[in-house]
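Below is one structure, written out as structure tokens; the observations come after it.
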Amino acid sequence: MKIGIIGLGKMGQNHLNELNKNSHFKINALFDLYQNSNLSQFDNIFFNNLDEFVKQNNDIIIIATPTNSHLDIAKKVLNSAKALLIEKPLALDLAQIEELKQIAQNKKIAVGFCERFNPAVLALKQNLKDAKIISINIQRFSLYPQRINDVGILHDLAVHDLDLIRFLSQKNITKTKIIKRFIQDTNRESESILACELEEVIASLHQSWNCSSKLRKIHLITEKHFFEANLIDFKLFKDGKEIPVEKNSPLFSEHQALLNLINDKEHFLANIDDAYEVQKILEEEK
């Protein structure tokens, strides 16, 4: 499958590195305004003109540019590939998501909520079949990211966890309360706590960019069991005992799901409606 990537910042290069190891894909075209020296091996397929990139007959296009450019780029490339994967956040606001949905029509568009494909999350999802969930708690802490300059912690991290709540429970969030703090940057919140209510499930989320180390964990209680998922080490514990996890990288599994999307097979990829539901929660709390 021929694949093109638009945007070769950190996330774009993460996709590139994974795809370069995957025999199901051929790196067909790359686009960015500037070419980093570490991409010299791709000189023959690197473009800084988007019109030329579009002409390269890509089967799949990944858009990994800053959020504020997603809608305009998607409009330009939508009809030149069988499927698009647009990194999260899908767009800056609900209006942009609605516009994208209108122009997408029957096109295959996935949203890059890659934490769905974290091995610990996939194993947890498998273990939740027919289980009644009582509560979900998610913590996601890290250093303040200098690379992100167009969104705050809610759009960068909380969107992952709001999506994970819906993905794991298969229920919509009916009520939320968000507390946020601005510390390093008065224009971007760097700490947030969300209390969420779903049908018969309660959830709490805590994201922080004010931590000296990384932590990403899910604690989930069902009627019969207690689960702890470590999203950094790809480990899952059930009632205190570690259970087997297939440790493919999240991006590898996400890329495999793209093949399923194109071939109309079952997959766990998020879609525009999923991104809309998450964005709606954030905008309701403004």
Side-chain angles (χ1 to χ4, degrees), residues 1-93 95-114 147 149-151 251-252 254-265 267 269-276:
M1 198 67 66
K2 295 185 294 184
I3 194 161
I5 303 175
I6 298 176
L8 277 302
K10 182 176 180 180
M11 198 63 207
Q13 289 191 50
N14 287 343
H15 280 290
L16 176 61
N17 293 335
E18 281 293 327
L19 289 164
N20 212 25
K21 298 181 288 186
N22 192 326
S23 61
H24 291 103
F25 296 95
K26 173 189 176 185
I27 308 298
N28 188 59
L30 303 176
F31 169 84
D32 203 300
L33 296 177
Y34 306 99
Q35 184 176 4
N36 293 333
S37 58
N38 62 332
L39 299 176
S40 58
Q41 62 177 306
F42 299 104
D43 279 347
N44 60 322
I45 58 169
F46 190 94
F47 300 89
N48 57 17
N49 181 297
L50 191 56
D51 292 332
E52 291 302 314
F53 171 91
V54 168
K55 295 176 183 177
Q56 303 309 307
N57 298 317
N58 299 292
D59 295 309
I60 299 170
I61 292 175
I62 295 175
I63 299 175
T65 55
T67 306
N68 57 19
S69 65
H70 287 180
L71 178 59
D72 287 340
I73 291 175
K75 287 178 179 179
K76 292 179 181 178
V77 305
L78 187 60
N79 295 316
S80 64
K82 297 176 183 176
L84 300 186
L85 172 67
I86 305 176
E87 270 303 328
K88 63 84 199 167
L90 176 59
L92 288 176
D93 52 38
Q96 287 193 354
I97 294 177
E98 288 171 344
E99 184 176 352
L100 182 57
K101 185 173 182 178
Q102 287 177 358
I103 65 173
Q105 298 298 324
N106 296 321
K107 299 292 184 180
K108 295 178 178 179
I109 297 181
V111 183
F113 287 116
C114 64
R147 65 182 178 86
N149 55 29
D150 62 339
V151 295
L251 287 184
F252 175 87
E254 185 177 49
H255 297 152
Q256 294 301 108
L258 278 172
L259 293 179
N260 288 345
L261 173 64
I262 282 185
N263 294 319
D264 296 318
K265 295 182 179 179
H267 61 81
L269 288 162
N271 57 32
I272 294 177
D273 289 334
D274 293 317
Y276 184 93

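All residue numbers in this chain count up from 1 along the given sequence. Please read these numbers as outputs of a predicted model, since none were measured by experiment.
Taking every heavy atom of both residues into account, F113 and A275 meet most closely at CE1-CA, 4.2 Å. Nearest heavy-atom pair across T67 and P89 is OG1-CD, 3.4 Å. Summarising the geometry of L84 relative to A81, their closest heavy-atom pair is CD2-CB, 4.4 Å, with the distance given to 0.1 Å. In plain terms, the two heavy atoms of I45 and I27 that are nearest each other are CD1-O, 3.4 Å. The two residues V111 and N271 have their closest heavy-atom pair at CG2-O, 3.5 Å.
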Working for side chain to side chain contact (heavy atoms under 4.5 Å, CB included), residues E254 and E18: CA-CA 10 Å; E254 185 177 49; E18 281 293 327; over 6 Å; no
Hey, mind stepping through I109 and I86 against side chain to side chain contact (heavy atoms under 4.5 Å, CB included) and telling me if it holds? CA-CA 7 Å; I109 297 181; I86 305 176; 4.0 Å; yes
Stepwise side chain to side chain contact (heavy atoms under 4.5 Å, CB included) test for F46 and L39: CA-CA 9 Å; F46 190 94; L39 299 176; 4.3 Å; yes
Check against side chain to side chain donor-acceptor pair (under 3.5 Å), N79 and K107: CA-CA 8 Å; N79 295 316; K107 299 292 184 180; 3.3 Å; yes
Trace of the side chain to side chain contact (heavy atoms under 4.5 Å, CB included) decision for E98 with I272: CA-CA 9 Å; E98 288 171 344; I272 294 177; over 6 Å; no
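The CE atom of M1 sits 5.5 Å away from the CG atom of N263 when rounded to the nearest 0.5 Å. With rounding to the nearest 0.5 angstrom, the NZ atom of K75 is 14.5 Å from the NE2 atom of H70. The NZ atom of K88 sits 15.0 Å away from the CG atom of D274 when rounded to the nearest 0.5 Å. Between atom CG of residue L90 and atom CD1 of residue I97 there is a gap of 5.0 Å, rounded to the nearest 0.5 Å. Remark: I73 CD1 to I61 CD1 distance equals 10.5 Å, nearest 0.5 Å.
With hydrogens and angles ignored, the 3.5 Å screen pairs no side-chain donor or acceptor of Q96 with any backbone N or O of L100. Side chain of D93 to main chain of A95: a donor-acceptor pair is present (N/O by atom type, distance under 3.5 Å, no hydrogens or angles). Side-chain N or O atoms of N36 include none that pairs as donor or acceptor with a backbone N or O of N38 at under 3.5 Å. Between the side chain of H267 and the backbone N or O of L258 there is no donor-acceptor pair closer than 3.5 Å. Within the 3.5 Å criterion, the main-chain N or O of N48 finds no donor-acceptor partner in the side chain of D32. At least one donor-acceptor pair closer than 3.5 Å links the side chain of Q13 to the backbone N or O of L8. The backbone N or O of S69 lies less than 3.5 Å from no partner atom in the side chain of D72, so there is not a single donor-acceptor pair.
Counting only heavy atoms from C-beta outward, the side chains of L85 and I63 never approach each other to under 4.5 Å. N58 has its side chain out of reach of I3: every pair of non-hydrogen atoms, C-beta onward, lies at least 4.5 Å apart. Counting heavy atoms from C-beta outward, N22 and F252 have side chains that approach closer than 4.5 Å.
The number of heavy-atom neighbours closer than 6.0 Å to CG of N44, taken from other residues, nucleotides and ligands shown, is above 12. Surrounding NZ of K2 are more than 12 heavy atoms belonging to other residues, nucleotides or ligands, all under 6.0 Å away.
In summary, D264 and K108 engage in a salt bridge, as defined by a charged side-chain N under 4.0 Å from a carboxylate O. A salt bridge is absent between D51 and K76; no separation between the charged side-chain nitrogens and carboxylate oxygens falls under 4.0 Å. Ion pairing between a basic and an acidic side chain is recognised when a charged N comes within 4.0 Å of a carboxylate O; K82 and D59 show such pairing. A salt bridge links E52 with K55; the closest basic N to acidic carboxylate O contact falls under 4.0 Å.
Among residue pairs with one or both ends in residues 11-42, those qualifying as ring pair (Phe, Tyr, Trp, His ring centres under 6.0 Å) are H15-H255; sequence neighbours excluded.
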